[in-house]
Structure formats: structure tokens, C-alpha cells
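Below is one structure, written out as C-alpha cells, with a few remarks after it.
Residues: numbered from 1 along the sequence shown.
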Amino acid sequence: MASTRFNRVLLKVGGESLIGDRPYGIDPKAAMKVAAQIKAIYVENVEIALVMGGGNIFRGISGSKNGIDRATADYMGMLATVMNALALQDALEKTGVPTRVQSALLMPAVAESFIRRRALRHMQKGRVVILAAGTGVPFVTTDTGASLHALELHADVLMKATKVDGIYDKDPQKQPDARRFKTITFHDAIAMDEVEVMDTAALAMCQENNMPVMVFELFKGDNLVKAVKGESIGTYVSNDTQTEFAE
Ligand code: UDP
């Protein structure tokens, strides 16, 4: 049993965390950095299911803008998440963390198929389960995969690790007076149309099923450790809190 506030977490890691200094693709050094962050919570005995994104390689929406059928492009995006999952598996195992990759698209030569009860068993046995190919269906993103998996695997929280340190009232990259929320209700997060925090479908699913969401920056100090200890970092989204700005 972990001594942290959250014993089982669903960690959503965006594909961009694997880019490093490159314009595109996977930088093995960046994968090692992500693995080191994950190891820091693994050693606290937190059970970890990790949903890997694919945006560093391919996003269906961009493919479809360039003329590829949207569903086909989305399947290509899902394949990108499998490549990332294998890269992260390699990095995690090099740091001494046992893992299993489970894919929502059947790919028996490289990954187990996603089987819920098996994923739970892996976590109980101290393996990090890396969930690839999102939901296995097109027209959604890995955020939806993350919320579905967080619910069915009974995670205590969905942690969305990104390159922005939380949810802001305006785009912080374009507007210097943007303010970060410390806490926000699902209702208010969904109503914000200026800032895309997470897929609305994913947020709505978490809202309906009372799955709290934490949005924070992965590569900032020991943010992930602080997050599992329940410290106030990034933005916490739930049905129970008030919407409040950070100091
Ligand atoms: N995708 C999909 N269904 C899913 C998950 C992902 O069709 O359940 C596709 C979609 O095209 C998406 C791409 O895979 O753009 C890569 O995932 P995402 O954009 O969520 O990656 P991230 O932004 O987290 O790196």
C-alpha cells in the first residue's frame, strides 16, 4: 500500500513529452527523463496505469486536413501511440521499472491486448501498465482513452501531465495576463471555450462519474511526486471544489 494520498493513478502522458529537442518523433533521452519521473512515484508503491499520447508523431486531425480520410488518419494516430508506448517501455525497464504494454488495437507480436482484469493484476503485481492505442476507435483522442481507463481501472485520480502547468483562464502563451486556476469545477472547465484543457468528452465523462483530474507540468521539479502526495500543484478539477485562482 502506498503512503501517498493517491494509491492508484491513471497518468496521461502527451506524446510531446518524448520529443526532446527534436521537431518531431522520439528522442530516447526525453523518454529516459519521462521514465525517471515515473520511477519516482513507482518507488512510493503507487499503482500506475499510463496512457500514452501520439501527438509527437501523428494526429488524426492534421492528417485529415491534408486529405486523408479522418478515420484512417485516426488509426494512424493510434499506431503512433503504440510506437511511443514501446519507447517508454524500453526507457522504464532500463531504469528498473517492470512494465507491460497493452494495446486497444490487436498487435500480439508487440503488445498484450487490453484486458481490464489483467491490467489490474499487473498493477497489483507492481508493474506499470502502459496503455497504447487509446480507445481503439477513431474520432476521439487519448484524453478520452485516459478517462475511460481511469474509470474502469478504478484509479483514484486522472493525472494529465502536460507542458503547461495547469489550466488558465486564457492562453498563457498568447496572453501574459492569463491566470492559473488552483481548482476548478468540471462545469466551469467545460464551459471555457477559449482554452482547450482536455477533450470536452473526456471531461464530461469524468464529471459524470466523479473522477477528479489533475493537470500539471511533467518536467517541473518533482511535480509528479507532489501530485501523488496530494500537494496543490497545477490545477485540480472536480465536482466538489470551488473555482479558485492560484495565488
Ligand atoms: N486516436 C484515436 N482514438 C483514440 C486515441 C487516439 O483516434 O482513442 C488518434 C487521434 O488521431 C489522435 C492520435 O491518435 O490525434 C494521437 O493521440 P493524441 O492526439 O491524443 O496524442 P497526444 O496529444 O496526447 O500526444
Legend entry - Donor-acceptor pair, side chain of Asn84 and main chain of Gly53, under 3.5 angstrom: yes
Legend entry - Flag side-chain contact, heavy atom, 4.5 Å: Leu218 against Gln37: yes
Legend entry - Arg118 side-chain N/O to His122 backbone N/O, donor-acceptor pair under 3.5 Å: no
Inset, instruction - Flag the pair Thr183 / Thr243 as yes when at least one side-chain heavy-atom distance between them is below 4.5 Å, and no otherwise. - result: no
Legend entry - Charged N-O contact under 4.0 Å between Lys163 and Glu16: yes
Legend entry - Donor-acceptor contact below 3.5 Å, side chain Thr142 vs main chain Gly145: no
Inset, instruction - Taking all heavy atoms of Pro212 and all of Val157, pick out the closest pair and write down the distance. - result: O-CG2, 3.5 Å
Legend entry - Backbone N/O of Lys229 and side chain of Thr4: donor-acceptor pair under 3.5 Å: no
Inset, instruction - Answer whether the closest heavy-atom distance between the side chains of Asp74 and Phe139 falls below 4.5 Å. - result: yes
Legend entry - Modelled atom types, side-chain donor and acceptor of Glu93 and Thr99, under 3.5 Å: yes
Legend entry - Minimal non-hydrogen separation, Ile26 against Asn56, with atom names: CG1-ND2, 3.8 Å
Legend entry - Side-chain heavy atoms of Leu86 within contact of Val110, under 4.5 Å: yes
Inset, instruction - Using a 4.5 Å cut-off on heavy atoms from C-beta on, say whether the side chain of Thr235 contacts that of Met214. - result: no
Inset, instruction - Check Tyr168 against Gly166 and note the closest heavy-atom contact, atom names and distance. - result: CD1-O, 3.8 Å
Inset, instruction - Using the ring of Phe219 (Phe, Tyr or Trp, six-membered ring only), decide whether Lys33 places NZ or CZ under 6.0 Å from its centre and within 45 degrees of its axis. - result: yes
Legend entry - Donor-acceptor contact present, side-chain Asp165 to main-chain Phe216, <3.5 Å: no
Legend entry - Aromatic Phe245 / basic Arg179 pairing, under 6.0 angstrom, 45° off normal: yes
Legend entry - Asn209 side-chain N/O to Met211 backbone N/O, donor-acceptor pair under 3.5 Å: no
Inset, instruction - Could you check if a side-chain atom of Leu153 sits within less than 4.5 angstrom of a side-chain atom of Val129, using non-hydrogen atoms only? - result: no
Legend entry - Option from Val13, Leu11, Asp143 for which side-chain contact (heavy atoms from CB on, under 4.5 Å) with Lys160 holds: Asp143
Legend entry - Short side-chain donor-acceptor distance under 3.5 Å, Tyr42 and Asn45: no
Legend entry - Criterion side-chain contact (heavy atoms from CB on, under 4.5 Å) against His149, the qualifying member of Leu50, Val51, Leu158: Val51
Inset, instruction - State whether the side chain of Asp69 and the backbone N or O of Thr72 hold a donor-acceptor pair below 3.5 Å, judged by distance alone. - result: yes
Inset, instruction - State, yes or no, whether a side-chain contact exists between Met159 and Leu10 at a heavy-atom distance under 4.5 Å. - result: no
Legend entry - Pairwise distance CD(Glu44) to CG(Asn7) - rounded to 0.5 angstrom: 11.5 Å
Legend entry - Asp21 atom CG: more than 12 heavy-atom contacts under 6.0 Å: no
Inset, instruction - Kindly compute the distance separating CZ (Phe6) from CD1 (Ile48), expressed to the nearest 0.5 Å. - result: 14.0 Å
Inset, instruction - Report, as yes or no, whether the 6.0 Å neighbourhood of atom CD on Gln124 holds more than 12 heavy atoms from other residues, nucleotides or ligands. - result: yes
Legend entry - Distance-only polar pair, side chains of Thr144 and Ser147, donor-acceptor under 3.5 Å: no
Inset, instruction - Assess whether atom CE of Met83 is packed by more than 12 heavy atoms of other residues, nucleotides or ligands within 6.0 Å. - result: no
Inset, instruction - Without swapping roles, check the side chain of Asp156 against the backbone of Arg8 for a donor-acceptor pair under 3.5 Å. - result: yes
Inset, instruction - Looking only at non-hydrogen atoms, find the nearest pair between Ala104 and Thr135 and report the distance. - result: CB-C, 3.7 Å
Inset, instruction - Check Arg22 against Pro28 and note the closest heavy-atom contact, atom names and distance. - result: NH2-CD, 3.8 Å
Inset, instruction - Give a yes or no answer on whether the side chain of Thr185 reaches the backbone of Asp188 with a donor-acceptor pair at less than 3.5 Å. - result: yes
Legend entry - Side-chain donor/acceptor of Arg116 to backbone N/O of Glu152, under 3.5 Å: yes
Inset, instruction - Would you mind reporting whether Gln89 and Leu92 have side-chain heavy atoms less than 4.5 Å apart? - result: no
